[in-house]
Amino acid sequence: MSTLHTVNKSPFTNQSLLSCIAHAKAGDAVLMIEDGVYGAPAGTAVADALAARAGEVSIYVLGPDLAARGLDAGRILDGVNAVDYAGFVDLAAKHDRAVAWL
Amino acid sequence: MSSYEVNGQTVEADEEGYITNLNEWSEDLAKVIAEVEDIDMNEEHWAVVNFLREYYEEYQIAPAVRVLIKAIKKQMGPEIGNNKYMYELFPYGPAKQACKIAGLPKPTGCV
Amino acid sequence: MSEDVKKFLYLNRKAPYGTIYALEALEVVLIGAAFDQDVSLAFLDDGVFQLTKGQDTKEIGVKNFSPTFRALGDYEVTKLYVEKESLDERGLSADDLQEIMYEDEDDDWAEKPSIHIVSRAEMADLIADQDVVLSF
(Lines give C-alpha, C1' and ligand atoms only; values in the text may rest on other atoms or scores of the structure.)
Protein backbone atom coordinates (compact mmCIF):
# COMPACT_ATOMS: atom_id res chain seq x y z
CA MET A 1 0.00 0.00 0.00
CA SER A 2 1.57 3.23 -1.10
CA THR A 3 0.66 6.79 -1.94
CA LEU A 4 1.30 9.14 -4.85
CA HIS A 5 1.74 12.66 -3.54
CA THR A 6 1.44 15.60 -5.94
CA VAL A 7 2.75 19.09 -5.22
CA ASN A 8 1.66 21.97 -7.45
CA LYS A 9 3.03 25.02 -5.64
CA SER A 10 6.49 26.56 -5.75
CA PRO A 11 8.42 25.60 -2.61
CA PHE A 12 9.59 29.21 -2.38
CA THR A 13 6.13 30.62 -1.62
CA ASN A 14 4.54 27.74 0.16
CA GLN A 15 5.38 24.93 2.61
CA SER A 16 3.54 22.29 0.59
CA LEU A 17 6.61 20.49 -0.79
CA LEU A 18 8.36 20.36 2.58
CA SER A 19 5.19 19.26 4.36
CA CYS A 20 4.63 16.64 1.68
CA ILE A 21 8.07 15.08 1.97
CA ALA A 22 7.79 15.17 5.76
CA HIS A 23 4.59 13.09 5.56
CA ALA A 24 5.56 10.72 2.74
CA LYS A 25 6.31 7.17 3.81
CA ALA A 26 8.96 4.80 2.47
CA GLY A 27 7.73 3.39 -0.83
CA ASP A 28 5.62 6.45 -1.65
CA ALA A 29 6.13 8.66 -4.71
CA VAL A 30 6.22 12.45 -4.84
CA LEU A 31 5.46 14.14 -8.16
CA MET A 32 6.11 17.85 -8.67
CA ILE A 33 3.69 19.42 -11.16
CA GLU A 34 2.72 22.95 -12.28
CA ASP A 35 4.64 25.50 -10.15
CA GLY A 36 5.77 22.59 -7.99
CA VAL A 37 8.46 21.90 -10.61
CA TYR A 38 10.46 24.90 -9.34
CA GLY A 39 11.50 22.55 -6.54
CA ALA A 40 13.23 20.15 -8.94
CA PRO A 41 16.52 21.89 -9.96
CA ALA A 42 19.79 21.14 -8.16
CA GLY A 43 21.26 23.82 -5.94
CA THR A 44 18.03 25.29 -4.56
CA ALA A 45 17.18 25.96 -0.92
CA VAL A 46 14.98 22.84 -0.83
CA ALA A 47 17.42 20.51 -2.63
CA ASP A 48 18.92 19.10 0.57
CA ALA A 49 15.52 18.35 2.06
CA LEU A 50 14.50 16.50 -1.10
CA ALA A 51 17.79 14.65 -1.41
CA ALA A 52 17.47 13.48 2.20
CA ARG A 53 14.28 11.54 1.35
CA ALA A 54 15.15 10.59 -2.23
CA GLY A 55 16.37 7.12 -1.20
CA GLU A 56 13.18 5.78 0.36
CA VAL A 57 10.70 8.01 -1.49
CA SER A 58 10.66 8.11 -5.32
CA ILE A 59 10.69 11.70 -6.52
CA TYR A 60 9.43 12.72 -9.93
CA VAL A 61 8.86 15.93 -11.85
CA LEU A 62 6.48 16.45 -14.74
CA GLY A 63 8.62 17.17 -17.84
CA PRO A 64 6.08 19.29 -19.76
CA ASP A 65 5.75 21.65 -16.76
CA LEU A 66 9.57 21.94 -16.54
CA ALA A 67 9.80 22.71 -20.26
CA ALA A 68 6.98 25.25 -20.11
CA ARG A 69 8.92 27.19 -17.48
CA GLY A 70 12.24 27.00 -19.34
CA LEU A 71 13.80 24.78 -16.69
CA ASP A 72 16.53 22.51 -18.03
CA ALA A 73 15.73 18.83 -17.45
CA GLY A 74 19.50 18.27 -17.41
CA ARG A 75 19.89 20.44 -14.30
CA ILE A 76 17.44 18.73 -12.00
CA LEU A 77 18.53 17.25 -8.72
CA ASP A 78 20.14 13.79 -8.75
CA GLY A 79 17.56 11.21 -7.84
CA VAL A 80 14.65 13.21 -9.29
CA ASN A 81 13.22 11.64 -12.44
CA ALA A 82 11.31 13.48 -15.14
CA VAL A 83 8.11 11.83 -16.40
CA ASP A 84 5.70 12.73 -19.19
CA TYR A 85 1.88 12.65 -18.94
CA ALA A 86 1.79 8.91 -19.60
CA GLY A 87 4.26 8.48 -16.76
CA PHE A 88 1.96 10.53 -14.50
CA VAL A 89 -0.89 8.15 -15.34
CA ASP A 90 1.33 5.14 -14.63
CA LEU A 91 2.21 6.56 -11.23
CA ALA A 92 -1.45 7.18 -10.40
CA ALA A 93 -2.30 3.62 -11.41
CA LYS A 94 0.60 2.09 -9.49
CA HIS A 95 -0.22 3.61 -6.11
CA ASP A 96 -3.22 2.93 -3.89
CA ARG A 97 -4.22 6.54 -3.28
CA ALA A 98 -3.32 10.02 -4.41
CA VAL A 99 -2.82 12.97 -2.08
CA ALA A 100 -2.69 16.51 -3.45
CA TRP A 101 -0.61 19.03 -1.51
CA LEU A 102 -2.19 22.30 -2.53
CA MET B 1 -41.32 35.37 -4.56
CA SER B 2 -38.80 38.12 -3.86
CA SER B 3 -40.18 39.84 -0.77
CA TYR B 4 -42.71 39.57 2.06
CA GLU B 5 -44.90 42.31 3.52
CA VAL B 6 -45.19 42.25 7.30
CA ASN B 7 -46.63 45.00 9.50
CA GLY B 8 -46.15 47.53 6.71
CA GLN B 9 -42.49 46.55 6.20
CA THR B 10 -40.98 44.87 3.15
CA VAL B 11 -38.62 41.98 3.85
CA GLU B 12 -36.41 40.92 0.94
CA ALA B 13 -36.18 37.25 -0.02
CA ASP B 14 -34.41 35.24 -2.71
CA GLU B 15 -36.24 33.65 -5.64
CA GLU B 16 -37.05 30.59 -3.53
CA GLY B 17 -38.49 32.63 -0.68
CA TYR B 18 -35.63 32.45 1.83
CA ILE B 19 -35.18 35.88 3.44
CA THR B 20 -31.84 37.49 2.65
CA ASN B 21 -31.20 39.23 5.98
CA LEU B 22 -31.53 36.84 8.91
CA ASN B 23 -31.92 39.74 11.32
CA GLU B 24 -35.21 40.80 9.77
CA TRP B 25 -36.97 37.70 11.08
CA SER B 26 -39.84 38.00 13.53
CA GLU B 27 -42.65 35.71 14.62
CA ASP B 28 -45.04 37.84 12.58
CA LEU B 29 -42.85 37.33 9.51
CA ALA B 30 -42.79 33.59 10.20
CA LYS B 31 -46.59 33.59 10.12
CA VAL B 32 -46.56 35.43 6.78
CA ILE B 33 -44.06 32.99 5.24
CA ALA B 34 -46.04 30.04 6.63
CA GLU B 35 -49.18 31.39 5.00
CA VAL B 36 -47.42 31.57 1.63
CA GLU B 37 -46.25 27.99 2.23
CA ASP B 38 -49.83 26.99 3.04
CA ILE B 39 -48.98 25.96 6.58
CA ASP B 40 -51.20 26.66 9.55
CA MET B 41 -48.68 27.10 12.36
CA ASN B 42 -49.42 25.00 15.45
CA GLU B 43 -47.39 24.38 18.58
CA GLU B 44 -45.32 21.64 16.95
CA HIS B 45 -44.49 23.77 13.92
CA TRP B 46 -43.27 26.46 16.28
CA ALA B 47 -41.20 23.96 18.26
CA VAL B 48 -39.40 22.91 15.08
CA VAL B 49 -38.93 26.50 13.92
CA ASN B 50 -37.57 27.54 17.31
CA PHE B 51 -35.27 24.54 17.41
CA LEU B 52 -33.87 25.47 14.00
CA ARG B 53 -33.26 29.06 15.07
CA GLU B 54 -31.45 27.92 18.21
CA TYR B 55 -29.39 25.42 16.22
CA TYR B 56 -28.38 28.12 13.74
CA GLU B 57 -27.53 30.55 16.52
CA GLU B 58 -25.24 27.99 18.11
CA TYR B 59 -23.60 26.36 15.06
CA GLN B 60 -24.10 28.87 12.23
CA ILE B 61 -25.70 26.26 9.98
CA ALA B 62 -29.17 24.93 9.37
CA PRO B 63 -29.04 21.21 10.15
CA ALA B 64 -29.60 18.55 7.52
CA VAL B 65 -33.03 16.94 7.73
CA ARG B 66 -31.82 13.70 9.35
CA VAL B 67 -29.94 15.73 11.96
CA LEU B 68 -33.06 17.79 12.61
CA ILE B 69 -35.29 14.75 13.01
CA LYS B 70 -32.84 13.03 15.32
CA ALA B 71 -32.64 16.14 17.50
CA ILE B 72 -36.41 16.64 17.59
CA LYS B 73 -36.81 13.00 18.54
CA LYS B 74 -34.42 13.49 21.42
CA GLN B 75 -36.12 16.72 22.51
CA MET B 76 -39.80 15.97 21.91
CA GLY B 77 -40.04 12.21 21.67
CA PRO B 78 -40.41 9.69 18.86
CA GLU B 79 -44.12 10.51 18.19
CA ILE B 80 -43.06 13.89 16.79
CA GLY B 81 -39.41 13.20 15.95
CA ASN B 82 -39.94 10.82 13.07
CA ASN B 83 -39.77 11.17 9.33
CA LYS B 84 -43.46 10.68 8.64
CA TYR B 85 -44.74 13.14 11.23
CA MET B 86 -42.21 15.78 10.27
CA TYR B 87 -43.27 15.54 6.64
CA GLU B 88 -46.89 15.89 7.75
CA LEU B 89 -45.96 19.09 9.53
CA PHE B 90 -43.88 20.37 6.60
CA PRO B 91 -44.99 18.57 3.42
CA TYR B 92 -42.29 20.15 1.24
CA GLY B 93 -39.53 18.89 3.48
CA PRO B 94 -39.02 19.65 7.17
CA ALA B 95 -35.55 21.14 6.75
CA LYS B 96 -36.28 23.12 3.59
CA GLN B 97 -39.68 24.50 4.50
CA ALA B 98 -39.14 24.93 8.23
CA CYS B 99 -35.85 26.75 7.58
CA LYS B 100 -37.64 29.14 5.28
CA ILE B 101 -40.21 29.92 7.97
CA ALA B 102 -37.44 30.20 10.56
CA GLY B 103 -35.71 32.82 8.41
CA LEU B 104 -32.60 30.68 7.85
CA PRO B 105 -30.70 29.95 4.65
CA LYS B 106 -31.49 26.77 2.78
CA PRO B 107 -29.75 23.87 4.56
CA THR B 108 -26.34 22.85 3.24
CA GLY B 109 -26.60 19.83 1.00
CA CYS B 110 -30.29 20.35 0.38
CA VAL B 111 -30.77 20.46 -3.38
CA MET C 1 -20.93 -0.86 8.68
CA SER C 2 -21.15 -2.57 5.32
CA GLU C 3 -18.25 -3.69 3.17
CA ASP C 4 -18.77 -0.69 0.92
CA VAL C 5 -17.66 1.71 3.61
CA LYS C 6 -14.51 3.50 2.58
CA LYS C 7 -12.11 5.51 4.66
CA PHE C 8 -12.25 9.15 3.65
CA LEU C 9 -9.77 11.70 4.95
CA TYR C 10 -10.26 15.43 4.49
CA LEU C 11 -6.84 17.05 4.58
CA ASN C 12 -7.04 20.66 5.81
CA ARG C 13 -3.89 22.73 5.35
CA LYS C 14 -5.18 26.29 4.96
CA ALA C 15 -6.06 29.03 7.43
CA PRO C 16 -9.78 29.85 7.67
CA TYR C 17 -10.43 33.30 6.17
CA GLY C 18 -7.62 34.17 3.73
CA THR C 19 -8.93 31.76 1.12
CA ILE C 20 -12.18 29.88 0.60
CA TYR C 21 -10.59 26.41 1.00
CA ALA C 22 -11.44 25.90 4.67
CA LEU C 23 -15.11 26.84 4.35
CA GLU C 24 -15.46 24.77 1.18
CA ALA C 25 -13.92 21.78 2.93
CA LEU C 26 -16.36 22.06 5.82
CA GLU C 27 -19.32 22.26 3.43
CA VAL C 28 -18.12 19.19 1.55
CA VAL C 29 -17.73 17.34 4.85
CA LEU C 30 -21.30 18.23 5.88
CA ILE C 31 -22.75 17.20 2.53
CA GLY C 32 -20.56 14.10 2.30
CA ALA C 33 -21.71 13.02 5.78
CA ALA C 34 -25.00 11.90 4.21
CA PHE C 35 -23.09 9.00 2.65
CA ASP C 36 -22.23 6.47 5.31
CA GLN C 37 -18.47 6.46 5.05
CA ASP C 38 -15.71 6.30 7.63
CA VAL C 39 -14.77 9.98 7.74
CA SER C 40 -11.78 11.62 9.41
CA LEU C 41 -10.58 15.21 9.28
CA ALA C 42 -6.90 16.09 9.45
CA PHE C 43 -5.61 19.54 10.36
CA LEU C 44 -1.97 20.28 9.62
CA ASP C 45 0.19 23.22 8.58
CA ASP C 46 -1.98 26.38 8.55
CA GLY C 47 -5.07 24.17 8.75
CA VAL C 48 -4.66 24.09 12.54
CA PHE C 49 -5.71 27.77 12.59
CA GLN C 50 -9.23 26.68 11.61
CA LEU C 51 -9.83 25.23 15.07
CA THR C 52 -8.56 28.05 17.29
CA LYS C 53 -10.97 29.46 19.83
CA GLY C 54 -12.13 33.04 20.05
CA GLN C 55 -12.61 33.71 16.34
CA ASP C 56 -14.72 36.82 15.75
CA THR C 57 -15.32 37.89 12.15
CA LYS C 58 -17.83 40.68 12.82
CA GLU C 59 -15.52 43.41 11.56
CA ILE C 60 -14.33 41.66 8.39
CA GLY C 61 -17.77 40.97 6.99
CA VAL C 62 -17.45 37.23 6.50
CA LYS C 63 -19.21 34.43 8.31
CA ASN C 64 -17.49 32.94 11.34
CA PHE C 65 -17.79 29.25 10.61
CA SER C 66 -15.73 28.03 13.55
CA PRO C 67 -18.87 27.18 15.60
CA THR C 68 -19.93 24.82 12.80
CA PHE C 69 -17.11 22.41 13.69
CA ARG C 70 -19.01 21.76 16.94
CA ALA C 71 -21.99 20.51 14.92
CA LEU C 72 -19.93 17.77 13.24
CA GLY C 73 -20.83 15.27 15.95
CA ASP C 74 -24.49 15.55 14.94
CA TYR C 75 -23.37 14.47 11.47
CA GLU C 76 -21.45 11.51 12.94
CA VAL C 77 -18.15 13.08 12.01
CA THR C 78 -16.26 12.48 15.23
CA LYS C 79 -12.58 12.10 14.34
CA LEU C 80 -10.59 15.32 14.04
CA TYR C 81 -6.82 14.83 14.02
CA VAL C 82 -4.59 17.85 14.68
CA GLU C 83 -0.85 17.68 14.12
CA LYS C 84 1.23 18.63 17.14
CA GLU C 85 4.26 19.80 15.15
CA SER C 86 2.03 22.18 13.16
CA LEU C 87 0.68 23.62 16.43
CA ASP C 88 4.19 23.95 17.90
CA GLU C 89 5.54 25.73 14.80
CA ARG C 90 2.77 28.30 15.13
CA GLY C 91 3.20 28.89 18.86
CA LEU C 92 -0.06 27.10 19.62
CA SER C 93 -0.98 24.29 21.96
CA ALA C 94 -4.05 22.10 22.35
CA ASP C 95 -5.41 24.66 24.85
CA ASP C 96 -5.70 27.23 22.06
CA LEU C 97 -8.20 25.05 20.21
CA GLN C 98 -11.94 25.11 20.81
CA GLU C 99 -13.49 22.13 22.54
CA ILE C 100 -15.34 19.88 20.12
CA MET C 101 -17.36 17.04 21.64
CA TYR C 102 -19.62 14.33 20.31
CA GLU C 103 -22.11 11.99 21.96
CA ASP C 104 -21.12 8.35 21.60
CA GLU C 105 -24.24 6.44 20.58
CA ASP C 106 -22.56 3.13 21.45
CA ASP C 107 -21.60 4.26 24.93
CA ASP C 108 -24.88 5.54 26.42
CA TRP C 109 -24.43 8.94 24.71
CA ALA C 110 -21.35 9.75 26.73
CA GLU C 111 -19.74 13.04 25.72
CA LYS C 112 -16.30 12.50 24.23
CA PRO C 113 -13.75 14.82 22.62
CA SER C 114 -13.55 14.73 18.82
CA ILE C 115 -10.11 16.34 18.63
CA HIS C 116 -7.05 14.12 18.86
CA ILE C 117 -3.56 15.63 18.85
CA VAL C 118 -1.20 13.44 16.83
CA SER C 119 2.47 13.57 15.91
CA ARG C 120 3.70 14.13 12.36
CA ALA C 121 4.58 10.43 12.11
CA GLU C 122 1.07 9.47 13.23
CA MET C 123 -0.37 11.90 10.68
CA ALA C 124 1.68 10.17 7.96
CA ASP C 125 0.31 6.80 9.14
CA LEU C 126 -3.24 8.19 9.10
CA ILE C 127 -2.85 9.34 5.48
CA ALA C 128 -1.41 5.97 4.49
CA ASP C 129 -4.41 4.21 6.05
CA GLN C 130 -7.07 5.86 3.82
CA ASP C 131 -8.96 4.81 0.72
CA VAL C 132 -9.55 8.38 -0.40
CA VAL C 133 -7.79 11.61 0.61
CA LEU C 134 -9.47 14.90 -0.29
CA SER C 135 -7.23 17.95 -0.02
CA PHE C 136 -8.25 21.49 0.75
Side-chain angles (χ1 to χ4, degrees), chain B residues 12-14 16 18-25 47-78 80-83 86-87 90 92-100 102-111, chain C residues 8 10 16-17 20 22-37 39 41 50-58 60-78 80 98-111 114-115 134 136:
Chain B
E12 294 296 322
D14 67 15
E16 291 180 89
Y18 293 85
I19 63 167
T20 43
N21 182 354
L22 277 49
N23 298 324
E24 291 181 323
W25 187 88
V48 173
V49 165
N50 289 330
F51 171 83
L52 285 172
R53 290 192 60 80
E54 282 161 25
Y55 197 92
Y56 192 90
E57 174 68 24
E58 183 162 1
Y59 300 120
Q60 298 297 303
I61 48 163
V65 61
R66 68 200 158 79
V67 173
L68 167 69
I69 290 175
K70 203 160 90 176
I72 294 286
K73 183 179 173 185
K74 207 172 158 193
Q75 192 177 308
M76 304 177 70
I80 296 169
N82 67 71
N83 232 8
M86 295 294 281
Y87 273 90
F90 300 99
Y92 287 95
K96 234 173 178 173
Q97 211 168 19
C99 280
K100 196 185 287 186
L104 306 182
K106 203 165 147 180
T108 300
C110 198
V111 281
Chain C
F8 275 71
Y10 292 88
Y17 304 110
I20 197 70
L23 177 58
E24 291 282 321
L26 187 53
E27 293 202 336
V28 174
V29 170
L30 291 171
I31 294 165
F35 306 93
D36 282 322
Q37 304 292 352
V39 173
L41 272 57
Q50 294 180 30
L51 298 178
T52 55
K53 48 176 130 164
Q55 296 177 29
D56 180 353
T57 60
K58 273 199 287 297
I60 64 167
V62 299
K63 182 164 143 168
N64 176 5
F65 56 89
S66 66
T68 308
F69 287 106
R70 296 199 297 270
L72 288 173
D74 292 343
Y75 289 75
E76 283 150 42
V77 174
T78 58
L80 278 61
Q98 61 169 328
E99 195 173 65
I100 299 176
M101 307 294 283
Y102 74 101
E103 293 178 341
D104 189 349
E105 226 168 310
D106 302 323
D107 190 8
D108 199 22
W109 305 99
E111 283 233 318
S114 296
I115 292 182
L134 297 163
F136 291 91

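In what follows, chains are A, B, ... by sequence order, proteins preceding strands, each numbered from 1. Side chains included, hydrogens not; waters and symmetry mates left out as well; all remaining heavy atoms used.
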Checklist line | Any residue of residues 65-74 of chain B which, by heavy atoms, sits under 4.5 Å from chain C | finding: B/Arg66, B/Val67, B/Lys70, B/Lys74

Margin query: Within the structure provided, determine whether B/Gln97 and B/Tyr87 are in side-chain contact (heavy-atom separation under 4.5 Å).
Written below: no

Margin query: Taking CD in C/Glu103 as the centre, count heavy atoms belonging to other residues, nucleotides or ligands within less than 6.0 Å. Is the count above 12?
Written below: yes

Notebook entry, point to check: For the ring pair C/Phe65 and C/Tyr17, is the centre-to-centre distance below 6.0 Å?
Noted result: yes

Margin query: If only side-chain N and O atoms count, and only distance matters, is there a donor-acceptor pair under 3.5 Å linking C/Asp74 with B/Tyr55?
Written below: yes

Notebook entry, point to check: Among C/Ala33, C/Ala71, C/Ala34, which residue forms the greatest number of heavy-atom pairs with chain B at distances under 4.5 Å?
Noted result: C/Ala71

Notebook entry, point to check: Counting N and O atoms only, with roles assigned by atom type, does the side chain of C/Asp104 sit under 3.5 Å from a partner on the main chain of C/Asp106, one being a donor and the other an acceptor?
Noted result: yes

Check: Under the side chain to side chain donor-acceptor pair (under 3.5 Å) test, which residues partner C/Lys53, sequence neighbours left out?
Finding: none

